[in-house]
Protein chains: 2
Amino acid sequence: MQIGELAKRTGCESETIRYYEREGLLPAPARSSSGYRRYEQRHLEQLAFILHCRSLGMPLADIRLLAGFHQQPAAEPCDRVNALIDQQISRVHSQIEALQRLEQQLLLLRARCDSPHTLADCGILKTLDDAASGDACACHDTP
Amino acid sequence: MQIGELAKRTGCESETIRYYEREGLLPAPARSSSGYRRYEQRHLEQLAFILHCRSLGMPLADIRLLAGFHQQPAAEPCDRVNALIDQQISRVHSQIEALQRLEQQLLLLRARCDSPHTLADCGILKTLDDAASGDACACHDTP
DNA sequence: CTTGACCTTATAGTAGCTACAGGGTTTGCA
DNA sequence: TGCAAACCCTGTAGCTACTATAAGGTCAAG
Ligand SMILES: [Zn+2]
Ligand SMILES: [Zn+2]
Ligand SMILES: [Zn+2]
Ligand SMILES: [Zn+2]
């Protein structure tokens with residue numbers, strides 16, 4: 001199958017497929033006489049593997065490692081697989097916590113402006129300006 | 001003050017300060033005879049404003065707009081300020097929701113491997129491989 | 001025989017920095 | 001006076017994971 005069909009079947013754009021090939025995530029397929037890429041079933045599966053991992057937010061470097069475990073002797077322990085997933089879980093978890101703090105801060109800031117008024121009187125702008133001068137701010141300095 | 005002192009006072013690296021100047025967020029300061037940047041109090045405050053907004057996750061483009069409101073007539077309504085903050089809140093909120101879904105999926109996947117064993121028997125790898133072949137997976141297809 | 005839908009490579013852009021390389025300047029100390 | 005450390009300058013390239021061109025080659029239908 002050509003790149004366009006692989007793209008349609010996986011929902012991944014042709015350019016992204018070529019990008020994955022350049023990055024060494026997808027093996028280079030055979031070419032037709034005119035230079036077109038010709039993919040087979042195994043490429044479809046490999047790409048599906050990559051996209052599935054991507055949908056879990058895994059970075060490409062980790063996916064490369066995960067895919068590499070297929071070439072390893074099957075009797076090896078799987079602890080490095082777990083480590084990758086655990087790392088990803090903790091990355092995601094700390095991102096969530098950081099974003100939740102951020103949301104709280106933004107909501108506190110937003111609460112400074114509740115009625116329609118002018119720029120001169122806007123509690124949001126005022127808070128930001130005061131904080132820039134070194135004053136305590138509603139968003140960060142909540143005792 | 002020189003760039004290094006501004007950097008130390010704000011906790012922002014010199015290169016980042018120069019970057020903000022290039023990006024038009026920080027006005028270009030006067031230069032000494034040898035070409036060194038010489039900052040004044042207003043630069044300190046402007047940079048603090050930028051860093052405060054950055055700490056709320058605001059993109060530079062929005063910070064540029066927010067800073068621009070100081071040049072606007074003070075009698076204008078503040079609704080565009082609010083709109084920027086509201087946009088940021090909803091961005092952050094949807095990021096949180098997406099990451100929480102991700103975390104659930106990762107935990108489900110992680111649960112497939114609970115005891116030490118080999119790559120051949122690893123429930124994580126098996127789940128990923130099966131999903132690549134089109135099977136339902138623990139992480140995404142939870143009915 | 002031409003039109004349109006494919007395909008190819010190479011290059012540059014996105015956000016927000018960060019890290020050089022390759023220089024000039026200033027300050028302090030022997 | 002000489003020299004080294006600690007500053008500063010510009011310009012460029014790197015990071016992630018794509019995305020979007022530009023400029024061209026190929027193939028099937030009408
Ligand atoms: Zn307001
Ligand atoms: Zn604040
Ligand atoms: Zn396992
Ligand atoms: Zn899944």
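Worth saying up front: this structure is predicted, and the values here are computed from it rather than measured.
- For A/Q95, there are no side-chain hydrogen bond (donor to acceptor under 3.5 Å, both in side chains) partners two or more places apart in sequence or in a different chain.
- If you measure from atom CZ of A/R38 to atom P of D/dT26, you get 15 Å, rounded to the nearest angstrom.
- Annotation: salt bridge (Lys or Arg N to Asp or Glu O under 4.0 Å) contacts involving residues 2-11 of chain A, sequence neighbours excluded, comprise A/E5-A/R9.
- Every residue two or more places apart in sequence or in another chain that forms a side chain to side chain contact (heavy atoms under 4.5 Å, CB included) with B/R38 is listed here: B/S32.
- Partners of B/R37 under the salt bridge (charged side-chain N to carboxylate O under 4.0 Å, His left out) rule, at least two apart in sequence or in another chain, are B/E21.
- Residue pairs meeting the salt bridge (Lys or Arg N to Asp or Glu O under 4.0 Å) criterion with at least one member in residues 118-131 of chain A, sequence neighbours excluded, are A/K126-A/D130.
- Within residues 88-106 of chain A, no residue has a heavy atom under 4.0 Å from DNA chain D.
- Residues forming a side chain to side chain contact (heavy atoms under 4.5 Å, CB included) with A/Y20 (at least two apart in sequence, or on another chain): A/C12, A/T16, A/L25, A/L26, A/L47, A/I50, A/L51, A/R54, A/L60.
- Partners of A/P77 according to the side chain to side chain contact (heavy atoms under 4.5 Å, CB included) rule, which considers only residues two or more places apart in sequence or in another chain, are A/D79.
- With axes fitted over five pairs at each extremity, the angle between the ends of the helix from C/dC1-D/dG30 to C/dA30-D/dT1 is 30° (10° resolution).
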Under 4.0 Å protein heavy-atom contact, by nucleotide of nucleotides 8-22 of chain D - B base, S sugar-phosphate only: SSB------BBS-B-
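- Sequence neighbours left out, the pairs with a member in residues 82-98 of chain B that pass salt bridge (Lys or Arg N to Asp or Glu O under 4.0 Å) are A/R110-B/D86, B/D62-B/R91.
- Here B/Q104 pairs with B/L107 under the side chain to side chain contact (heavy atoms under 4.5 Å, CB included) rule; sequence neighbours left out.
- In this structure the side chain of B/L56 never reaches within 4.5 angstrom of the side chain of B/Q88, judged on heavy atoms.
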